[in-house]
> 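I am attaching a structure below and will ask some questions about it afterwards.
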Amino acid sequence: FGRYSRPSCNSANHSVNIEMMLQFCGNKLDKKDFFGKSDPFLVFYRSNEDGSYTICHKTEVVKNTLDPVWQAFKIPVRALCNGDYDRSIKVEVYDWDRDGGHDFIGEFSTSYREMSRSQSQFHVYEINFTVAIDFTASNGNPSQPTSLHYMSPYQLNDYAMALRAVGEIIQDYDSDKMFPALGFGAKLPPDGRVSHEFALNGNPQNPYCTGIEGVMEAYYQSLKSVRLYGPTHFSPVINHVARYASAVTDGSQYFILLIISDGVITDMAQTKESIVNASSLPMSIIIVGVGPAEFDEMIELDGDEERISSQGRYAERDIVQFVPFRDYIDRRGNHILSMARLAKEVLAEIPDQFLSYMRTRGIKPGPLPPPYTPCPPPAINPLLTRRVSRI
């Protein structure tokens with residue numbers, strides 16, 4: 001087996017809150033199906049103090065292959081080995097059968113520390129997550145069911161689903177779980193001035209909300225107090241986050257801005273300039289398009305086809321990931337599945353964007369983790385992430 005792991009940790013010294021990001025692949029597995037190859041999947045077991053084993057994770061089935069590559073997954077270290085870096089972890093490989101009589105292919109044992117001894121990269125950093133929500137009139141009157149901001153008593157609207165889908169994952173990597181939450185494109189009370197960078201909680205000096213639930217509450221309260229207006233300007237909220245990112249360029253912190261919007265960007269030139277400037281900073285931008293509109297400008301900002309440029313200057317890195325939410329909505333109305341699909345897609349590029357910043361700045365990884373010693377969690381939990389490659 002080839003094994004690649006990218007553990008991530010919410011504890012500076014110990015494993016109380018560590019989460020590992022793991023990805024496994026197989027090579028030349030045994031052929032178990034008469035008419036095909038194999039449909040392999042993995043089962044992970046944590047060893048217990050009495051010598052028994054407990055299942056702690058199963059991968060998806062990869063159909064008809066002897067060289068599977070399973071999807072990356074995240075698992076707490078305490079679930080995998082109870083926080084003991086040297087405890088045995090058993091992995092069994094099976095060929096999936098429809099009738100449930102799965103065929104055993106093989107097994108191997110490893111440990112957290114064994115994986116860590118391979119070619120490791122180790123770095124301490126903290127994620128800072130900011131939300132920016134589109135309050136322009138093109139979203140429709142929030143009191144009407146046709147509005148993208150409609151507050152139904154029975155289900156989340158697209159904005160709320162996108163916010164929760166991405167935010168509930170990212171919040172696990174933010175130590176204090178205090179998130180600046182911004183809005184743009186609305187007229188604010190009491191004088192009706194248009195703002196393209198306002199605090200959802202109504203406090204411009206302290207726009208932080210407690211957890212994603214706090215952001216959701218501030219979003220709903222804003223819908224009741226502001227008037228949707230326009231136009232749609234992205235650059236003010238990008239510049240807002242860039243100001244903070246520019247103050248911390250040593251690799252200890254990384255900033256992620258989530259913008260949720262419904263349509264045409266009206267300050268495209270300024271937005272491009274803001275992205276080009278931000279591309280040299282420890283920062284990524286996730287843009288989620290909601291509603292039925294065309295998203296040509298947002299697709300252009302993604303930069304997958306052509307690197308963004310402004311006034312002859314090209315972005316140093318690709319820092320933008322755009323996805324239209326409608327492409328990930330489950331047609332059967334399963335909102336949990338819709339949010340899971342969206343979260344997987346929008347977060348796919350963040351690790352590489354983070355590593356590209358570290359590489360361009362020559363920021364080197366640190367040492368391996370210390371030996372396992374049980375202890376209470378620290379008061380402050382900066383994010384610790386490690387990349388391990390092993391063949």
> Could you give me the CA-CA distance, side-chain angles and deciding distance for Tyr159 and Phe135, then say whether ring-ring contact (aromatic ring centres under 6.0 Å, His included) is met?
CA-CA 11 Å; Tyr159 277 90; Phe135 282 81; 7.6 Å; no
> Kindly say whether the aromatic ring centers of Phe24 and Phe44 come within a distance under 6.0 Å.
yes
> List for me each residue that meets side chain to side chain contact (heavy atoms under 4.5 Å, CB included) alongside Arg243, sequence neighbours excluded, and say none if there are none.
Glu197, Asn239, His240
> Please indicate whether Lys344 has more than 12 foreign heavy atoms, meaning atoms of other residues, nucleotides or ligands, lying under 6.0 Å from its NZ.
no
> Please walk me through it: do Ser284 and Tyr254 pass side-chain hydrogen bond (donor to acceptor under 3.5 Å, both in side chains)?
CA-CA 8 Å; Ser284 289; Tyr254 197 79; 2.7 Å; yes
> Kindly indicate, with the supporting measurements, whether the criterion ring-ring contact (aromatic ring centres under 6.0 Å, His included) is fulfilled by Phe73 and His57.
CA-CA 9 Å; Phe73 63 92; His57 183 76; 3.8 Å; yes
> Can you tell me if OH on Tyr314 sees more than 12 non-hydrogen neighbours from other groups inside 6.0 Å?
no
> Could you tell me whether the side chain of Glu92 reaches within less than 4.5 Å of the side chain of Leu42, counting heavy atoms only?
no
> Using a distance-only test with no angle check, is there a side-chain donor-acceptor pair under 3.5 angstrom linking Ser235 and Asp267?
yes
> Examine the side chains of Ser147 and Asn139 and answer whether a donor and an acceptor come within less than 3.5 Å of each other.
no
> So, Tyr150 versus Gln144: side-chain donor-acceptor pair below 3.5 Å or not?
no
> Are the aromatic ring centres of Phe234 and His196 under 6.0 angstrom apart?
no
> Show which side-chain atoms of residues 285-297 pair as donor or acceptor with protein atoms under 3.5 Å away, not counting sequence neighbours.
none

> Quick one: do the Ser52 and Asp50 side chains pair a donor with an acceptor below 3.5 Å?
yes
> Over all heavy atoms of both residues, which pair between Asp318 and Asp302 is shortest? Give the atoms and the distance, please.
OD1-O, 3.0 Å
> If we count only N and O atoms by modelled type, under 3.5 Å, do the side chains of Glu316 and Ser280 hold a donor and an acceptor together?
no
> Just jot down the salt bridge (charged side-chain N to carboxylate O under 4.0 Å, His left out) partners of Glu345, sequence neighbours excluded, or say none.
none
> Do Asn157 and Tyr219 meet the criterion of a side-chain donor-acceptor pair at a distance under 3.5 Å?
yes
> Without hydrogens or angle criteria, can the side chains of Ser356 and Arg317 be said to hold a donor-acceptor pair below 3.5 Å?
yes
> For the residue pair Lys272 / Gln311, report whether a side-chain donor-acceptor contact shorter than 3.5 Å exists.
no
> If only side-chain N and O atoms count, and only distance matters, is there a donor-acceptor pair under 3.5 Å linking Thr54 with Tyr45?
no
> If hydrophobic clusters are built by linking Ile, Leu, Val, Met, Phe, Trp and Tyr wherever their side-chain heavy atoms come under 4.5 Å apart, do Leu223 and Ile212 end up in the same one?
yes
